[in-house]
Amino acid sequence: MQADETGGPDWDVTAESLLDAAVEAFLRAEFNIVQPILQRLRHEFGVPDIGSTAVRHDTLLAALAARVGNWPDVLRRCPDFDLVEADTGIVHALAVIALRELAQEGQHTDARTAAVVIVLWAYLLDEEDSDDFRALLTERRGEPVPDAAWEQAHAQLRNRISELLRALDVRAGRDVLSAWSTAWEAECEGGAVSFADLPADAGPDALTTLADAAEYLVRNGRGAELLIAYEARHPDSMPADLPGHDACTVSLARALAGRGRDLARACKWSEALADLDAAVWLGHTLKDDERAAVLQAGRNVGRSRTGLDYSSRVRIAGLEQAHSLLPQDTSLADELTAELVAEGKRVERSDPRESRSRFARALAVTPAHPEARAGLDSHLTADLEKAIKSTHAGDAILVDEVRGLLARDPECMPARLWLSKHHAERAVSAAALGRTDEARGAVREIFRYDGPERSPGERLVDDRLVGILVAAARITGIADARAGLERRVQLLHTAASVPSHTRGHVREDLNEALLHLAEHLEDAASPSDVIELFLRDLMRTGVSARFDQIVEAAYRNRARVRETAGDPGGALRDRRCAERVGAGLPDQGFLFGPASARPPRRNADTGQDTLF
């Protein structure tokens with residue numbers, strides 16, 4: 001070394017030699033000369049800011065600050081450490097002081113001090129690279145450290161640090177995901193703690209990330225502890241429901257799969273399937289032993305060795321999970337189908353809805369399964385019989401389902417009757433909207449289900465359509481509500497437009513329906529509503545004296561309203577229309593145009609303008 005013992009001037013001194021002198025003085029506990037040497041270093045060469053000199057300088061300053069309890073300065077300098085470049089003796093001194101500081105009363109929650117302890121001691125006790133620390137001890141002892149003594153001391157020191165951190169975790173109430181002992185073990189295994197990024201107000205997960213902690217726990221067979229900690233933190237949520245869940249999802253999935261496998265070995269079948277299902281839901285791919293656990297649990301879930309505790313519902317739920325996990329396994333599909341069919345038959349009378357659901361699910365698992373298909377057809381037939389009698393109160397019956405039933409059983413009379421009724425309703429709905437061709441098409445469908453298939457003639461189709469519409473009109477017109485009466489008029493008007501040998505009777509029914517509608521409008525609507533019905537030209541004047549009286553009164557009432565409102569011209573036109581309706585014109589042609597093809601004389605008045 002090119003310097004005298006007092007640190008005096010020496011023209012051969014270098015920055016490295018001064019730093020060496022300061023380090024040796026610190027290790028000899030000659031603290032009174034360390035600072036003067038460092039001051040000379042900074043005065044003559046400046047503050048080291050790059051390379052190993054800067055690392056060694058900062059490490060030494062951190063150790064000095066730790067010695068006098070200046071922890072803010074220690075923590076300020078620690079993030080810049082590159083421990084490979086630092087002096088092992090200084091690192092050891094700083095690690096010892098930090099460990100003592102952490103063990104002091106009131107320091108059990110100081111995350112940044114804990115980070116210093118964990119990082120430095122994990123570096124010193126690194127089993128793969130402990131030569132520097134062991135060499136330091138050899139130098140201090142003056143003789144090599146025997147292997148047995150080294151291994152014993154090494155293990156004892158690690159255990160003491162582990163026990164201290166574990167005690168501080170218990171005291172602070174930290175779980176394994178935020179435990180300093182977990183961070184310590186993870187750091188020793190491969191480096192997980194980065195105190196350079198620790199915030200000043202370090203939270204419970206500051207020393208290591210959730211992902212690193214979770215991965216370490218699963219990798220070292222502590223998946224059960226991970227699950228306990230995670231479920232305690234989020235009792236009502238799975239990772240996919242939480243912000244930032246990707247941090248430990250993979251580790252959680254592996255832990256769930258491992259626990260599920262262990263539960264299967266313990267014959268806890270439902271619990272095993274639940275865990276394995278959750279693991280797959282989180283993205284885990286089952287391994288061979290886990291698939292074997294699923295298969296074993298699926299075959300035994302809901303059963304007991306004595307057979308006394310058999311539960312169909314538990315077994316079906318378990319088989320559903322197992323089948324979803326191993327969809328290609330035919331044995332699970334067969335067992336699930338058999339259980340579903342058996343349950344469907346068991347509750348066929350007591351709970352038809354549940355029974356139908358079981359049969360439908362069985363068909364989804366095993367398409368074309370004969371017993372499941374028969375069970376569903378039986379339920380559908382019963383529903384059709386109720387629908388025909390208008391007593392069905394369940395879900396709507398689908399046309400395609402009924403057609404499928406009829407295709408499987410052409411002699412099924414309830415299916416034929418229901419389809420006939422369905423298409424009759426279609427014909428009525430189309431006729432109510434004035435779509436006669438569509439109504440005729442629906443009637444042709446009825447002939448397909450009434451008996452042996454045949455192609456009816458147009459006259460037969462029209463006669464059937466008229467009969468359907470007249471029957472529907474009689475039911476519709478029972479109520480006095482305007483909508484019902486309007487619908488009745490529309491149905492009979494459509495029926496009257498269809499060629500049929502009963503046309504005359506239909507016309508009479510239409511006139512009667514028009515009169516009922518006019519009477520209802522007279523009582524419950526405005527005069528204009530009555531007049532609009534009249535102008536639809538559905539009944540000629542003179543056919544029904546009562547109808548003519550209602551229309552005449554409507555014109556007169558509206559004339560009075562217009563006169564009161566200051567519209568004398570409109571009132572005059574309404575009175576003239578009333579007079580012509582009251583005169584009982586012999587032919588509607590005089591109301592809406594000339595009665596013959598011969599054009600009227602230029603000055604002739606047909607009355608059409610007056611009525612409109």
Side-chain angles (χ1 to χ4, degrees), residues 1-102 104 107 110 112-126 129 131-142 193-198 200:
M1 171 177 163
Q2 303 297 319
D4 60 27
E5 295 191 5
T6 63
D10 190 326
W11 297 111
D12 294 330
V13 72
T14 64
E16 287 290 342
S17 65
L18 286 174
L19 192 56
D20 289 340
V23 168
E24 291 178 7
F26 184 93
L27 295 178
R28 292 195 306 267
E30 297 173 351
F31 304 113
N32 60 322
I33 67 172
V34 174
Q35 283 293 1
I37 296 175
L38 291 179
Q39 288 174 359
R40 180 182 176 186
L41 167 66
R42 290 190 290 269
H43 176 73
E44 295 185 13
F45 298 98
V47 177
D49 56 358
I50 59 173
S52 62
T53 304
V55 173
R56 297 177 65 203
H57 178 260
D58 282 348
T59 309
L60 183 56
L61 288 178
L64 288 171
R67 179 178 173 274
V68 296
N70 185 4
W71 284 97
D73 192 48
V74 176
L75 300 174
R76 181 175 63 83
R77 296 182 180 280
C78 280
D80 298 328
F81 282 177
D82 183 0
L83 297 177
V84 175
E85 303 290 344
D87 294 282
T88 304
I90 302 299
V91 172
H92 175 254
L94 179 57
V96 170
I97 299 171
L99 188 60
R100 290 172 179 168
E101 173 70 14
L102 188 62
Q104 294 297 318
Q107 297 299 312
D110 190 343
R112 298 182 68 82
T113 304
V116 174
V117 169
I118 290 172
V119 171
L120 297 185
W121 279 109
Y123 168 74
L124 291 172
L125 298 178
D126 186 355
D129 187 19
D131 292 340
D132 289 343
F133 188 34
R134 189 171 181 178
L136 175 67
L137 296 179
T138 298
E139 181 181 350
R140 290 181 178 178
R141 284 166 51 92
V193 179
S194 177
F195 49 74
D197 299 326
L198 290 182

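- Under a cut-off of 6.0 angstrom, the local environment of CZ in R140 is crowded, with over 12 non-hydrogen atoms contributed by other residues, nucleotides or ligands.
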Working for side-chain contact (heavy atoms from CB on, under 4.5 Å), residues T88 and L124: CA-CA 8 Å; T88 304; L124 291 172; 4.1 Å; yes
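- The line from CG of L94 to CG of L61 is 11.5 Å long, rounded to the nearest 0.5 Å.
- Within the 4.5 Å cutoff, the side chain of L60 has no heavy atoms near those of the D87 side chain.
- Legend: salt bridge (charged side-chain N to carboxylate O under 4.0 Å, His left out) pairs involving residues 62-75, not counting sequence neighbours, sorted by first then second residue: D73-R76, D73-R77.
- Shortest non-hydrogen contact noted between A66 and I97 is O-CG2, 3.5 Å.
- Between H92 and L120 there is no side-chain heavy-atom pair separated by less than 4.5 Å.
- Residues V84 and Y123 share a closest heavy-atom pair of CA-OH, 3.8 Å.
- The line from CD of Q107 to CH2 of W71 is 8.5 Å long, rounded to the nearest 0.5 Å.
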Criterion side-chain contact (heavy atoms from CB on, under 4.5 Å) on I90 and L27, from CA distance to verdict: CA-CA 7 Å; I90 302 299; L27 295 178; 4.1 Å; yes
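- Of all heavy-atom pairs between L38 and A22, the closest is CD2-CB, 3.8 Å.
- When side chains are defined from C-beta on, L83 counts as touching V119, because their heavy atoms get closer than 4.5 Å.
- Side-chain atoms of N70 and L64, non-hydrogen and from C-beta on, never get closer than 4.5 Å to each other.
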side-chain contact (heavy atoms from CB on, under 4.5 Å) between E101 and D110, worked out: CA-CA 10 Å; E101 173 70 14; D110 190 343; 5.7 Å; no
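- The two residues A62 and V74 come nearest to each other via the heavy atoms O-CG2, 3.4 Å.
- By the side chain to side chain contact (heavy atoms under 4.5 Å, CB included) test, A25 pairs with R28, E30, I33, V34, sequence neighbours left out.
- Residues that satisfy the side chain to side chain contact (heavy atoms under 4.5 Å, CB included) test with E16, not counting sequence neighbours, are T14, S52, T53, R56.
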Check against side-chain contact (heavy atoms from CB on, under 4.5 Å), L19 and I37: CA-CA 8 Å; L19 192 56; I37 296 175; over 6 Å; no
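- Of all the heavy atoms in F45 and L18, the pair that sits closest is CE1-CD1, 3.7 Å.
- Here the shortest heavy-atom pairing between A98 and T113 reads O-CG2, 3.9 Å.
- Distance alone, capped at 3.5 Å, is enough to place a donor-acceptor pair between the W121 side chain and the A95 backbone.
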